[in-house]
Amino acid sequence: MNKILFIFIGILVLYGIYKIYQQVNIVKDLDQLVAKGAIIIDVRTAKEFSENHMDNAINMSLGTIRERYIELDTSKTYITCCSHGLRSIKAASLLKERGIKRVYNGGVWSDIEEIINKNK
């Protein structure tokens, strides 16, 4: 029983750390970036994307982004998103490494959608 409790507490602590990280590292003013033409890249799998996604988001899964980044215009602004926020962090980092200067981690796609819709 103690082992299960320890694991549960560990998960809660990790979740808390992630939420703090999310608040610090997820780009602010997402709605303004989108209004200025930022393109949302949903890095979930094609199956996840087909089940539900934001209008106007493009799907470029994290598994294919190393090859497909050449499809992106380096002069544009991009916001990465996924289901829990972890893949979007990795995707933003990979794109920056490959010369996309204006790429931001947007975190969870549904949170971005809510922010954008709230400010319409």
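One-based numbering along the sequence shown. When reading the values below, keep in mind they use all heavy atoms of this one structure, side chains included, and skip hydrogens, waters and symmetry mates.
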Discussion item. Between I115 and I40, is there shared hydrophobic-cluster membership here, with clusters defined by ILVMFWY side-chain heavy atoms closer than 4.5 Å?
Written reply: yes
Worksheet item: If you draw a 6.0 Å radius around CG in N56, do more than 12 non-hydrogen atoms from other residues or ligands fall strictly inside?
Response: no
Practice prompt. To the nearest 0.5 angstrom, please state how far the CD atom of E71 sits from the OG1 atom of T64.
Written response: 8.0 Å
Worksheet, complete the sentence: In terms of heavy-atom contacts, Y104 and L33 come closest through CD1-CD1, 3.9 Å
Discussion item. Can you confirm whether E51 sits close enough to R44 that some side-chain heavy atom of one is under 4.5 Å from a side-chain heavy atom of the other?
Written reply: no
Item to complete: Could you tell me whether the side chain of T77 and the main chain of A38 form a donor-acceptor pair under 3.5 Å?
Response: no
Item to complete: Supply the atom-to-atom distance R87 CZ to S61 OG, rounded to the nearest 0.5 angstrom.
Response: 9.0 Å
Worksheet item: How far does CG of L30 sit from CG of N105, to the nearest 0.5 angstrom?
Response: 9.0 Å
Worksheet item: After noting the C-alpha distance and the side-chain angles of V43 and W109, does the key distance pass the side chain to side chain contact (heavy atoms under 4.5 Å, CB included) rule?
Response: CA-CA 10 Å; V43 299; W109 74 269; over 6 Å; no
Practice prompt. First locate atom CE of M54, then atom CD of E114, and finally report the distance between them rounded to the nearest 0.5 Å.
Written response: 11.5 Å
Worksheet item: Do any N or O atoms from the side chain of N59 and from the backbone of D42 form a donor-acceptor pair under 3.5 angstrom?
Response: yes
Worksheet item: Would you say L72 and I58 make side-chain contact, with heavy atoms under 4.5 Å?
Response: yes
Discussion item. Please give me the minimum heavy-atom distance between V108 and C81, naming the atom from each residue.
Written reply: C-CB, 4.4 Å
Worksheet item: Do any N or O atoms from the side chain of Y78 and from the backbone of D73 form a donor-acceptor pair under 3.5 angstrom?
Response: yes
Item to complete: Begin from the C-alpha positions of R98 and R66 and carry the test side chain to side chain contact (heavy atoms under 4.5 Å, CB included) through to its verdict.
Response: CA-CA 9 Å; R98 284 159 175 78; R66 285 181 178 87; 3.7 Å; yes
Worksheet item: Say you draw a straight line from OG of S83 to CG of N52; how long is it, rounded to the nearest 0.5 Å?
Response: 12.0 Å
Item to complete: Measure the CD1-CD1 distance between I100 and I41 for me, rounded to the nearest 0.5 Å.
Response: 7.5 Å
